[in-house]
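A, B, ... follow the sequence lines: proteins, then strands. Residue 1 opens every chain. Keep in mind that the numbers below use all heavy atoms, side chains included, and drop hydrogens, waters and symmetry copies.
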Amino acid sequence: MAKKIQAIRGMNDLLPAQSPVWQYLEGSVKEMLAGYGYDEIRMPILEQTALFKRSIGEVTDIVEKEMYTFEDRNGDSLTLRPEGTASCVRACEEGGLLYNQTQRLWYTGPMFRHERPQKGRYRQFYQVGVETFGIATPDIDAELILMTARLWQQLGLSDAVTLQLNTLGSNQARADYRDALVAYLKEREDKLDDDSLRRLETNPLRVLDSKNPETQALLQDAPELHDYLDAESREEFDTLRKILDAAGVKYEINQRLVRGLDYYCKTVFEWVTDKLGAQGTVCAGGRYDGLVEQLGGKPTPAVGFAMGVERLILLLETLEVIPPEVMQTIDLYVCGVGAGADLAGLLLSDRLRSEQPWLRIQTHCGGGSFKSQMKKADKSGAVYALLLGESEIEAGQVTVKDLRGGTEQQTISQDELLGWLTDNMS
RNA sequence: GUGGCCGUAGCUCAGUCGGUAGAGUCCAGGAUUGUGAUUCCUGUUGUCGCGGGUUCGAUCCCCGUCGGCCACCCCA
């Protein structure tokens with residue numbers, strides 16, 4: 001036997017047993033987005049490496065050590081997208097969607113980061129990204145948050161997630177604060193752990209959410225972000241909070257919430273859960289007013305967020321809130337035994353499909369004993385088995401057997417079957 | 001990238017203080033030659049992750065490697 005080739009580490013197959021759950025989640029999300037008037041956009045999963053370096057930030061972990069970057073046959077440096085926002089901005093700019101317009105967009109698909117896999121974290125993982133462009137006021141920030149809150153409600157996740165909220169201020173305010181924080185920490189460099197020292201160089205704001213107790217103690221007297229906020233950001237944050245309060249969305253102000261990517265400013269938020277171990281962020285985003293300009297476009301305000309599909313699915317499974325009907329993918333299973341059964345089964349299914357296209361019918365193929373066909377009917381999850389034996393075929397009848405309830409099976413004519421099904425299945 | 005635990009049948013796992021393996025489940029057939037989910041019987045399934053070392057002999061001990069899980073880091 002030849003040696004088996006296995007999937008790349010951290011890149012998982014989605015097996016058929018799982019896909020109904022994915023379809024359920026994706027379906028719910030798409031329906032909600034349509035209800036808010038958001039349009040789908042699709043981008044390639046490969047981009048020029050420079051796009052991510054310029055947007056995410058040269059010295060972030062993502063760019064420094066997590067990107068799948070390689071040279072193509074022309075010698076160009078290409079990268080599998082580690083996130084969607086940069087591609088989306090690029091595509092919008094290229095497609096002329098940002099010229100004096102507002103856009104509300106969404107996309108979904110795989111992202112790639114070369115990290116060590118663990119629960120809720122994979123090298124190929126799926127996000128649903130939502131981005132809005134051209135709206136500077138915090139009402140749109142609120143809309144995005146309200147939208148996610150509604151989604152959790154619909155999916156039954158509301159009790160398991162909490163909203164963390166913060167504002168980073170304008171890009172200027174953020175930069176000023178950053179300098180102040182760095183100055184403060186530099187004076188106390190000897191008391192910082194290795195991780196924090198590294199962050200001091202790469203992404204100083206991240207020192208704020210260090211898990212090290214000594215570092216946290218040190219931060220007690222550190223400059224506060226809110227003291228550096230510009231008046232505009234402060235007002236907008238207040239407005240956002242008022243809207244959330246009025247809509248009854250609970251949140252926790254977390255001054256230490258700074259987000260990892262360089263392009264964020266003003267509003268940042270994260271939906272987190274304590275049900276998934278270390279990877280508890282299930283949805284996160286914020287405002288990135290400077291990014292479009294940074295990528296060569298006209299200054300354009302923008303806010304967006306991304307949801308981690310695998311994490312949401314893990315959460316749905318952990319909480320056992322997946323509606324049972326989601327897993328039921330077949331309504332009828334057609335069994336046939338004896339002479340002419342194969343033909344009769346296919347023809348009966350065919351007729352049902354023509355007249356009642358909403359029915360999900362699996363026709364037994366491949367022969368086998370009646371017993372094994374019944375087993376397969378049961379395993380398929382179908383509600384009814386339609387049985388075709390020699391006597392039924394001869395008489396133009398079919399036996400309908402209830403696989404789930406206690407109803408007695410009955411043999412009726414195939415002509416009556418349609419009426420019977422509409423009476424009993426809708 | 002760092003650390004801990006773990007790789008035995010398709011799946012869940014037992015086991016051998018070193019003498020090349022077993023249970024449940026699943027699948028197929030039968031008891032019931034046309035009735036599943038409960039019962040009973042019969043049967044199939046393995047380079048014991050891969051490579052090397054020690055040994056007369058390694059699934060077991062040692063080293064390496066690949067993979068999985070969890071945590072750190074980072075992030076959705």
Side-chain angles (χ1 to χ4, degrees), chain A residues 1-12 15 17 56 60-67 82-85 108-130 148 193-196 198-199 202-203 206 209-212 258-261 269-273 276-285 304-315 333 335-338 341 364 366-382 384-393 399-406 408-409 411:
Chain A
M1 255 215 292
K3 201 168 186 178
K4 279 183 187 163
I5 295 174
Q6 41 187 13
I8 309 297
R9 180 171 206 192
M11 306 205 178
N12 305 117
L15 299 176
I56 298 169
T60 55
D61 275 28
I62 291 179
V63 169
E64 277 189 330
K65 46 191 196 197
E66 293 177 1
M67 294 203 307
E83 57 112 34
T85 303
T108 185
M111 309 293 163
F112 302 84
R113 289 181 203 170
H114 192 107
E115 302 177 275
R116 190 97 165 237
Q118 82 185 67
K119 184 173 187 177
R121 190 176 77 180
Y122 311 100
R123 290 184 172 181
Q124 174 174 335
F125 62 101
Y126 290 77
Q127 287 188 339
V128 176
V130 179
T148 51
D193 58 280
D194 290 348
D195 276 338
S196 296
R198 189 174 43 76
R199 289 180 182 130
T202 58
N203 196 343
R206 299 281 314 177
D209 51 18
S210 166
K211 287 176 187 167
N212 186 322
V258 294
R259 313 283 307 129
L261 282 57
F269 67 94
E270 247 180 59
W271 286 98
V272 296
T273 178
L276 296 182
Q279 308 301 323
T281 302
V282 122
C283 170
F305 66 82
M307 299 185 273
V309 176
E310 286 87 349
R311 291 181 186 178
L312 285 170
I313 295 217
L314 278 169
L315 195 53
Y333 194 96
C335 303
V337 155
H364 181 84
S369 67
F370 207 84
K371 181 195 178 92
S372 71
Q373 293 195 27
M374 285 305 299
K375 273 192 171 181
K376 279 174 181 146
D378 184 38
K379 260 190 79 171
S380 76
Y384 294 105
L386 300 185
L387 312 181
L388 291 164
E390 282 172 10
S391 56
E392 284 93 341
I393 295 168
T399 295
V400 183
K401 184 181 170 74
D402 184 353
L403 294 169
R404 308 298 151 198
E408 278 290 301
Q409 73 178 38
T411 303

Interatomic distance at C1', B:rG29 relative to B:rU12, whole Å: 25 Å

Pairwise side-chain contact, A:Met374 with A:Leu403, heavy-atom cut-off 4.5 Å (strictly under): yes

Gap in Å between the two P atoms, one belonging to B:rG30 and one to B:rG68, rounded: 42 Å

C1' gap between B:rC26 and B:rG46, integer Å: 16 Å

Side-chain donor/acceptor of A:Thr108 to backbone N/O of A:Gln127, under 3.5 Å: yes

P spacing across the pair B:rU39 / B:rU44, given as an integer number of angstrom: 22 Å

Sugar-phosphate, base or nothing in reach of A:Lys371, heavy atoms under 4.0 Å: base

Phosphate OP1/OP2 of B:rA28 contacted by A:Lys376 side-chain N/O (<4.0 Å): yes

Sugar-phosphate only, base, or nothing, as touched by A:Leu312 at under 4.0 Å among non-hydrogen atoms: nothing

Interatomic spacing from NZ in A:Lys375 to SG in A:Cys335 - rounded to 0.5 Å: 13.5 Å

Base B:rG49 paired with A:Gln6 side chain (donor-acceptor, <3.5 Å): no

Touch class at under 4.0 angstrom, heavy-atom based, for A:Ser391 against every strand present: base

Passing option when A:Pro82 is tested against A:Arg113, A:His114, A:Glu115 for side chain to side chain contact (heavy atoms under 4.5 Å, CB included): A:Arg113

Donor/acceptor link under 3.5 angstrom from A:Lys401 side chain onto base of B:rU35: yes

Same-atom distance (P) from B:rG36 to B:rA28, integer angstrom: 13 Å

A:Tyr126 backbone acceptor or donor facing A:Glu310 side chain under 3.5 Å: yes

A:Leu261 CG to A:Ile62 CD1 distance, which is reported to the nearest 0.5 Å: 4.5 Å

Sugar-phosphate, base or nothing in reach of A:Gly120, heavy atoms under 4.0 Å: base

Distance, C1' atom - from B:rG49 to B:rC66, rounded to whole angstrom: 8 Å

Distance-only donor-acceptor check, side chains A:Thr399 and A:Gln409, under 3.5 Å: no

Pair of N/O donor and acceptor under 3.5 Å linking B:rU35 base with A:Gln373 side chain: no

Separation between CG of A:Asp378 and CZ of A:Arg404, rounded to the nearest 0.5 Å: 5.0 Å

Whole-Å P distance, B:rC11 and B:rC61: 23 Å

Bracket notation of RNA chain B in which parentheses pair within the strand, [ ] cross earlier pairs, and | pairs with another strand (Watson-Crick or G-U, under 3.5 Å): (((((((..((((.....[..)))).(((((.......))))).....(((((..]....))))))))))))....

Sugar-phosphate only, base, or nothing, as touched by A:Glu66 at under 4.0 Å among non-hydrogen atoms: sugar-phosphate

Touch class at under 4.0 angstrom, heavy-atom based, for A:Ala284 against every strand present: sugar-phosphate

Touch class at under 4.0 angstrom, heavy-atom based, for A:Arg113 against every strand present: base

Spacing of A:Arg311 atom CZ and A:Gln279 atom CD [to the nearest 0.5 Å]: 4.5 Å

Main-chain N/O of A:Pro117 paired with A:Arg123 side-chain donor or acceptor, under 3.5 Å: no

Atom P, compared across B:rG18 and B:rC74: separation rounded to whole Å: 45 Å

Between the protein and nucleotides 1-3 of chain B, list every N/O to N/O distance that falls short of 3.5 Å.
| from | atom 1 | to | atom 2 | distance (Å) |
| --- | --- | --- | --- | --- |
| B:rU2 | O4 | A:Arg116 | NH1 | 2.8 |
| B:rG3 | O6 | A:Arg116 | NH2 | 3.3 |

Sugar-phosphate only, base, or nothing, as touched by A:Gly381 at under 4.0 Å among non-hydrogen atoms: nothing

Residue whose closest nucleotide on RNA chain B lies nearer the 5' end, A:Gly280 versus A:Lys375: A:Lys375

